[in-house]
Amino acid sequence: MTNPGLHISTQPPYFAGYPIGFSGWADDFERNIAAIQFSLDGGEHWTEYATPGVSAERGIRWQFAFTPPRAGRYLLNVRTRNGSGSVSDLVSGYPFEVYEAPAPSIGENSQSRHEEPSEQSALADSPSSPATGAFPTQQAPNTPPSALPFDTSPYSSAAEDLTTPLPYGSFHVRPVGTQRWGASRLYRSGELYDITIDEAAFLTQTLGIRTIYDIRSEFETAAHPQPYLMGAKTIALTPNWERRRKDASKRLIAGVIGNYGAPEERMCANYRRYAHEYPLIGKALRSISAEGTPALVHCVNGKDRTGVLCATALRIAGFSDEFIKADYLLTNDVNVVQIAEEESRLGRGMTAEEHAILMSFLEARPSYLAAFFDEAEAQYGSFEGFVEKGLRLTPEQVERLRRLIG
C-alpha cells in the first residue's frame, strides 16, 4: 500500500527518487475488466493488478504511483485484461521526463518536503471495487527518440485568445464543431509522425490537449510510428476491420482501380462497415467523456475513420445534419494539397472512368456519411438506439460530450 503521508507529484516537473502519480480511464466495452496491467519497458514485461467485481456495464478509473530511480525520459504503458483472459487492444502511453532532484538548502530537512518513498504502488478502482498492490522496482528505459519535450511551467489554456489560422500544422489540426479556437475541447487531425517541437507545444500547451486517440491500423503505425508528446497521453485504438496491409500505389492505379466498382461504390461499402465497428467508436467516445479534458482524434488523413467518429460526436452533441455534413466535407479543403498530389501520383495513365473512381477514394463525399448513419440506424432502429445500445453511452456520458464539444 502507498504511504498515506507520501507526497505524490501529479504535474511536472518530476524528480528522481520522488513518486509520480498517474491516473486514467480504462474500458473494454462489452467485456468486464478483470485487471489493469502496467509496463515501463516498452511492453516487454507487464505488472498486473486485479480489479474484482468490475461490471461490463461501466469502465474503471485507475491511479498509479511510480518512483523513478533516476533522471531521464520514461514511457508508462497501460492496458487491461478482461474476464476471459484476453488483453485489450487499447493501450495508453504516458511519456514523462524526470530531472535530478534539487539539493536541499542548508539547514533544510528534506523529509519536511517529501517522505522518502518506500515502495511504488498502483490503485485501480471502480465504484464497486477498489484494488491495490505493490509495484516492484523496475529499471525503466528511456522513451524512444520520438518523445517530444514539454514545458514544465504551469499550464493555462490560451485557445480562446488565439488568432492562429485554422487549420494548424502539417497535420491540419482543427476543432470538432464550430471552427474557432476555444469553441470546442475536442480536436481532429491527420497523423502526427512528422510533428515539430513547436507544433507539439501548440497542441499540449496552447490547446491544452491531454489525450491523443490514434485510430490507425497496425500497419499504418508501423510505417509512421506515433510520436509521444510530453504532457499528453496517447491511446491507441486499432480498428478491427484493418487486418491487412493496404498499398495505394498497387491498388489505386490504372488497370486495377476499376475492380472497385463504380465511383463511390467501394467507399460507401466501407462507411457502412464502419457503422459495425461501434466498439472502437464507443471506446473512444466513452473515454473522451470520462477524461473530460481536451483531446485529439486522428487516423492517417483525418478523413474517413476520424470523420465518422467526429460526425457521431457532433450528432450526439446536437448539431444539425447540415452542419455535420459541412464539417465533414471541410476535410476536402483542409487536404486540398494532399489530394492534388495523390491525384497526380496515382492517376497516371487512367481513363476518365478510372480517374472518377480515384477521386471518389481521395475525397470526402456526402454519400459516404449518409451510408454510415443509414447503416447505424438500420442496426438499432434510430440514431438514439445506436448511441445507447451500440456505442453504450449513458445519458451522463452524452451530456459530458455535449459540454466538451460546446
Has the side chain of [X] got a donor or acceptor atom that lies under 3.5 Å from a matching backbone atom of [Y]?
X      : Y      : answer
Glu199 : Ser170 : yes
Ser287 : Ala284 : no
Ser92  : Ile235 : no
Arg392 : Arg286 : no
Ser88  : Thr80  : no
Ser184 : Gly406 : no
Tyr94  : Ser23  : yes
Thr51  : Ile33  : yes
Gln179 : Gly177 : yes
Glu220 : Ser217 : yes

Does some side-chain heavy atom of [Y] sit less than 4.5 Å from a side-chain heavy atom of [X]?
X      : Y      : result
Arg266 : Phe361 : yes
Lys233 : Arg210 : no
Thr331 : Arg174 : yes
Leu203 : Phe171 : yes
Arg305 : Glu277 : no
Ile288 : Leu401 : yes
Ile209 : Leu229 : no

### Task
Give every residue pair that meets the side-chain hydrogen bond (donor to acceptor under 3.5 Å, both in side chains) criterion with at least one member in residues 356-372, sequence neighbours excluded.
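For residues 356-372, and leaving out neighbouring residues, the side-chain hydrogen bond (donor to acceptor under 3.5 Å, both in side chains) pairs sorted by first residue read Glu264-Arg365, Glu264-Ser367, Glu363-Arg365.
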With sequence neighbours left out, what residues match [X] under side-chain contact (heavy atoms from CB on, under 4.5 Å)?
X      : value
Ala275 : Phe372, Glu375, Ala376, Gln379
Phe15  : Pro13, Tyr18, Tyr99, Ala101, Pro102
Ala364 : Lys303, Tyr328, Leu329, Asn332

### Task
List the steps, then state whether side-chain contact (heavy atoms from CB on, under 4.5 Å) holds for Val297 with Val176.
CA-CA 10 Å; Val297 177; Val176 174; over 6 Å; no
### Message
Strictly below 4.0 Å, N to O, side chains only: are Glu399 and Arg403 in salt-bridge contact?
### Response
yes
### Query
Hey, are Asn82 and Ser84 close enough side-chain-wise for a donor-acceptor pair under 3.5 Å?
yes
### Query
Does a sphere of radius 6.0 Å around CZ in Arg180 hold more than 12 heavy atoms from other residues, nucleotides or ligands, not counting ones at 6.0 Å or beyond?
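Counting other residues, nucleotides and ligands, CZ of Arg180 stays at 12 neighbours or fewer.
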### Contacts of Glu341 that satisfy side chain to side chain donor-acceptor pair (under 3.5 Å) - sequence neighbours left out
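With neighbours one apart ignored, the set is empty.
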### Message
Set out, in order, the CA-CA distance, both residues' side-chain angles and the distance that settles side-chain contact (heavy atoms from CB on, under 4.5 Å) for Leu296 and Ser189, then state yes or no.
### Response
CA-CA 7 Å; Leu296 170 68; Ser189 75; 3.6 Å; yes
Which side-chain N or O atoms in residues 309-325 pair as donor and acceptor under 3.5 Å with protein atoms at least two apart or in another chain?
{"from": "Thr312", "atom 1": "OG1", "to": "Val308", "atom 2": "O", "distance (Å)": "2.7"}
{"from": "Arg315", "atom 1": "NH1", "to": "Glu377", "atom 2": "OE2", "distance (Å)": "2.9"}
{"from": "Arg315", "atom 1": "NH2", "to": "Glu377", "atom 2": "OE2", "distance (Å)": "2.8"}
{"from": "Ser320", "atom 1": "OG", "to": "Phe323", "atom 2": "N", "distance (Å)": "3.1"}

### Query
Pick one: which of Ile20, Val98, Asp41 meets side chain to side chain contact (heavy atoms under 4.5 Å, CB included) with Tyr74?
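Single side chain to side chain contact (heavy atoms under 4.5 Å, CB included) partner of Tyr74 among Ile20, Val98, Asp41: Val98.
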### Message
Nearest 0.5 Å, please: how far is NE2 in His172 from CG in Asp333?
### Response
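With rounding to 0.5 Å, CG (Asp333) is 11.5 Å from NE2 (His172).
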### Task
Give, for atom OH of Tyr271 and atom CZ of Phe373, the distance between the pair rounded to the nearest 0.5 Å.
11.0 Å
### Query
For Phe38, which of Phe66, Trp46, Trp62, Phe22 qualifies under ring-ring contact (aromatic ring centres under 6.0 Å, His included)?
Trp62
### Minimum heavy-atom distance between Pro175 and Asp327, given as atom pair plus value
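In terms of heavy atoms, the two residues are closest at O-OD1, 4.5 Å.
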#### Entry: Which atom of Ile212 lies closest to which atom of Ala232, heavy atoms considered
CD1-CB, 4.3 Å
### Query
Are Leu207 and Leu162 close enough, and set up right, to give a side-chain contact (heavy atoms from CB on, under 4.5 Å), and what steps lead you there?
CA-CA 9 Å; Leu207 299 183; Leu162 278 178; 3.9 Å; yes
### Query
Does the pair Val78 and Phe64 meet the rule for a side-chain contact (heavy atoms from CB on, under 4.5 Å), with working shown?
CA-CA 10 Å; Val78 184; Phe64 179 82; over 6 Å; no
